[in-house]
Structure formats: structure tokens, C-alpha cells
Amino acid sequence: MSDWWRKSVVYQVYPQSFKDTTGNGIGDLNGIKEKLPYLADLGIDVIWLNPIYQSPLVDNGYDISDYYQINPIYGTMSEFDELLQAAHDLGIKIIMDLVVNHTSDQYEWFEKSKQSKDNEFSDYYIWKDPKPDGTPPTDWGSTFGGSAWEFVEARNQYYLHLFAKEQPDLNWENPILREKIYQMMTFWFEKGVDGFRMDVISLISKRQDWPQALPGAIYSKSYYVGASNGPRVHEFLQEMNTKVLSKYDVLTVGETANTTSNQAILYTDPTRRELNMIFHFDHMHLDYGKYGKFSDIRYKMSDLRDVMSEWQDKLEGKGWNSLYWSNHDQPRAVTRFGDDGKYRVESAKMLATLLHMMKGTPYIFQGEEIGMRNVPFESLMQYQDIETKAMIAEMRDAGETEETIKKIVYLKSRDNARTPIAWNSDDKFGFTEGIPWIDYSPDNTEINIEAALNDKYSVFYHYQKLIQLRKTYDIIAEGFYELINPNDSEIYGYTRTLNHEKLIVICSFSEDKVNYVLADELVDGQLLLSNYPDSAEKLIKKLELRPYEALIYLKK
Ligand code: TEU
């Protein structure tokens, strides 16, 4: 098997917000197929599709009611087959979203499981007797509010749901259930799918002693004590690899919130035959507060540099990193990590430079490549996301003011990432002929794909060049990472070294001009890319960096 994914760039498509061709206001598979030439022009190698399976959409498709059916709102199975073939014809692979920690409560398996304790499906899910006083087995909270346990009279038992009560957790202790999952994975691989992003895969093995939550754990994350990186998670993934993954030349990336860099080696060490890479959350957690992600705390660049460097260093030669700033669960990168006002373009390009020159597989979330920022919705009523609604309720219950809640929701709601992509500045932005399932961003008139393609200095063309550099220079995929001036408070600099070549990457996180002095051995490199049109062709020792200036030099 080749490690093709070591030099690939992945583009995440959130189907319902990408492009609608039917006028129902929801993006669809034919819309993605129509826009494949745009993605080919950007230069990406792989598309990650968020879930498109049959679902009641309680959690926007992460509540699957049939693993083998395409949700008709996105299209048909034959339209999926056509999309896959059209992508492959352009040299673009497609990975799907594997959601096997839980299903929808409308899955046939669950509908039967909840009926009794002695049918074929009874043990497909996690059922526990109440405590003697009738309360749930543990004090774990659901990510989306309330208890992680729901009582069902017919069984006189609770079932576990780490997410919505409409998302019952599957029982991975059951080998029959595991075989069903492996059969399903094989079905999609036999259709030609090129891999999976594995939703909350680090949660599939629960501790069988069902511990109480750690004191002070944030309610919606209290289950981590008993479900995160559980006792059999690696056994299950090695079984999955042996029975399915090893038979195909595919990309696998596990979503593993609350997983350390040491634990990541266990998931991504190729000799362990589990996954190719994982999404960690350590850089996402830099601005967490008492409500977890929902905080108005601003991260510190020094903390970001420490986290990104830890992951580069720890996985060097032992595992493999994914590289991302945002996705469908996170706010827009340029708002969270850059300056989405005066220096939106410069800082979006700087963030892209910093990430894409690191060691690992970069992931671009739709709209990131044109510098989309958070969405200033007027009213809390405009938010659709189940997590956002749960957090609004939780903050109201805690007595937070509406002003505070609105500010925090603006900063961190997942809906920031889920507004429709604007393909042009027309009144419906080229997204749909109908009414969009979620309101547009007021930015769309200015920030849209057509405007980006017509501006040679746009964020789009910077991403295109970064992707091209990765295809051109092996040092980007394989070079050794080292920090430059590790204590500088405003400039994040690092080198990549491969054989006698050195790549020098210098990124300013300051809105002011900043002086930066390089060691002699780093000067004289040749400029490969800058986010300013007139940076010096040769790298000099004493730099005066402009606001959010990002430089890439190669010294041979
Ligand atoms: O997200 C996993 C997860 O932990 C999320 O709750 C995420 O950490 C949080 O939204 C950050 O604020 C995955 C999917 O990506 C997410 O869309 C689903 O809602 C969730 O699992 C359940 O499937």
C-alpha cells in the first residue's frame, strides 16, 4: 500500500451548504459534481464529505438511520456513484464520514433493540439498569445538554447517548455489531470510496466499570472519564484494520477529541495498523472556558506555537499529523486565530502558510480558502445547530446575560461554519434558486468565490500556491520541523530540513510592524511565497515584518 495521503491536501465539503441544484435550499451531490472543476483548480487531492446517509437530521446527518442509503435530500445512490466517478476522472479521491459510535434512534436496529432484552438487536446498543433509586447508571452529561442516559419503559432500562438522545451509542463490546460495521465499511469501499473520516472514534470503547464523572468536569464533557480512549479502542481499531482497512489503499483519519500526542502515536504508528492520522483538539482547546468551547477567551500565540510544535515533534518518525484550523464544528479560522477585520486577507493567508508548510496532511474547510469569517447573525433565533441551542439554554440557566450569550454564540457556534457557500454576489449567491436551509452570511456580497477567482491577490490563489508547493517540494511533506526563535512573542518561525535543503517559514501574528533577526545559517534562501506582493527575493538577516506577513524561503 502506498502512503499517498502523506502528500495529499483534503478539502472538506459540508454538502448541505455547498451547492444546491434542485431549489430545495439544501446543497446536494449534483451540486458538488458541478463544482468539481473549481476544486480541481484549487489543486486539492481528496474531498471529505460530511455524512450524506439517510438521517432525520437531528444532528445534521450525524444521526444515521440507514448506513446503506443516501439521504434523498442530497440525491440518489446513482448520483453518488456519478459524483465518485467524476471526481476520480479528475484525479480527486473521496472519503466519507464514518459515524459508528452511535446511530439515529430511527435506525431499525435501535427500534428493535429498545423493544426487549432478548431479541437479535437487544445488545447492539448500551443498556443499563437504573440505580436502586431509579436514577441513571452514571452522572455523565450529553454533549447537547442533559443526562447522557435516556430511560425506556419497555426495557425498564436506560440507554447511553453521549450526544443527542436521538443518537444512541452503539455497543462495541458486541462482536456481532462490530461485524455489521465492518460489512458496511466494505460495502462503501467496494463502491470505490477512498477512505473514511471516523467520527468520535476514540469514544467507541467504554470503561465497563462505568465510573462517575471527575469532579468539576464540564457537564457536556463529563463522559470523557469513561469513554475517551477507552480500554479496548485500539483492539477494536486493529480488528477493523485487519478485517477491512488493510484490504484497501485508503485514507483513514480518526476524530479523537481529548487525545494527547502520546496517545496519538498509538492510533497513528503505522506498525500498529490502526489509522493513518487523527484530528486532535489541543489547539481548539486553547480558548476554552467554563462552558468549554463556548467562551470569549482569546488564545495566545505562544500557546498555539507550543501545541503545534508538540504535535510536530512527538509524531516525528512515529505517527502522522492531520493539519486543520476549522471544520463544520468550529468557528471560522480567520476570526478565531487571525484578524477578520482590517487584515482579514493577510491573516487568512498567514494562517494558511503556517499550517500548510508543516508536516502532516492539511485539511481545508469549505470557505476557508476565500477567507470566510464568523457570521454576525442579528438574532439568536437564526442559529439552527443543536449544540448551539443547547449551549444557549445552558448559559441562560446559568444566569448569563443575553448580551454575553449572543457574543459567545457569535464567536463559537458551529453555524459559523455552516452558512451557504457564496459562488457569486447575486441575490441568492449562486447557492440555490430556493430558500436556503440556514441564513446567508451578510459578508457574501464581498466574500464569494467569483470575487476570489477574479482577484489575483485573493486568499484563494494563496491556497492554490501553497498546495502547488506541497506537490513540488518533498521537503514540505517529509522535512524535519524545528522552531526558530521559540520565545518570540509575536512571530511564529520554523524550519523544515530535508537532506541539505532548509525551508524557512516566518509568520507574524501582529497587526504592527515587527523586527525579526535570523541566525546567519538561515539567510540567503530564495523566496517561494509571501502574502505581500513585494517581499525580498533573498532572505536577509534583519527583517521588518509587516502586519501578519508570512514568508516562505528555501535554502538549498
Ligand atoms: O463531533 C464530536 C464532538 O465532540 C463535537 O461535539 C465537537 O467536539 C464539538 O462540536 C466542538 O464544539 C462529531 C461531529 O464532528 C459533530 O458534528 C457531531 O455533532 C458529533 O460528533 C456527534 O456525531
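Counting starts at 1 for both ligands and their atoms, following the listed order.
Checking only distances, E255 does come within under 3.5 Å of ligand 1, N or O to N or O. In terms of polar-atom proximity, defined here as any N/O pair under 3.5 Å, Y288 makes no such contact with ligand 1. At under 3.5 Å, not a single nitrogen or oxygen of T143, backbone or side chain, sits near a nitrogen or oxygen of ligand 1.
Classified by interplanar angle (parallel below 30°, tilted 30° to 60°, perpendicular above 60°), the ring pair H280/W311 is parallel. Using the six-membered ring where Trp is involved, W149 and W210 have ring planes that are perpendicular, over 60° apart on the 30 and 60° scheme. Between F377 and Y383, the angle of the ring planes goes over 60°, which puts this pair in the perpendicular group of the 30/60° scheme. Using bins of under 30°, 30° to 60° and over 60° for the plane-to-plane angle, the ring pair Y67/Y107 lands in the tilted bin.
Annotation: atom 17 (O) of ligand 1 to nearest protein heavy atom, D329 OD1, 2.7 Å. Nearest non-hydrogen protein atom to atom 13 (C) of ligand 1 is D199 OD1, 2.8 Å. With hydrogens left out, the protein atom closest to atom 8 (O) of ligand 1 is F281 CE2, 3.5 Å, a heavy atom. When only non-hydrogen protein atoms are considered, atom 18 (C) of ligand 1 lies nearest to D59 OD2, 3.3 Å.
Contacts between E387 and ligand 1 below 4.0 angstrom, taking non-hydrogen atoms only, involve the side chain exclusively. At a heavy-atom distance under 4.0 Å, no atom of M284 approaches ligand 1. At a heavy-atom distance under 4.0 Å, only side-chain atoms of R197, from C-beta outward, approach ligand 1.
Under the ring pair (Phe, Tyr, Trp, His ring centres under 6.0 Å) rule, F279 has a single partner from W48, W325, Y267, which is W48. Checked options F187, F80, W188; the residue passing with Y53 is W188 (criterion: ring pair (Phe, Tyr, Trp, His ring centres under 6.0 Å)).
In terms of modelled atom types and a separation under 3.5 Å, the side chain of D28 and the main chain of G31 share a donor-acceptor contact.
Ligand 1 places these atoms under 4.0 Å from at least one heavy atom of H102: 22 (C), 23 (O). Interface of R414 with ligand 1, defined as ligand atoms under 4.0 Å from a residue heavy atom, comprises 10 (O), 16 (C), 17 (O), 18 (C), 19 (O). When each atom of ligand 1 is checked for a heavy atom of H328 under 4.0 Å away, the hits are 14 (C), 15 (O), 16 (C), 17 (O).
We find that E79 and K33 are not joined by a salt bridge, their nearest charged nitrogen and carboxylate oxygen being 4.0 Å or further apart.
Contact annotation: F294 has no heavy atom less than 4.0 Å from any atom of ligand 1. Heavy-atom distances between K412 and ligand 1 stay at or above 4.0 Å for every pair.
In this structure, K93 satisfies the cation-pi test against W4, with its NZ or CZ atom closer than 6.0 Å to the six-membered ring centre and inside 45 degrees of the ring normal.
When the options Y14, F144, F163, Y62 are ranked by their closest heavy atom to atom 4 (O) of ligand 1, first place goes to F163.
A centroid separation of less than 6.0 Å is found between the aromatic rings of Y62 and H328.
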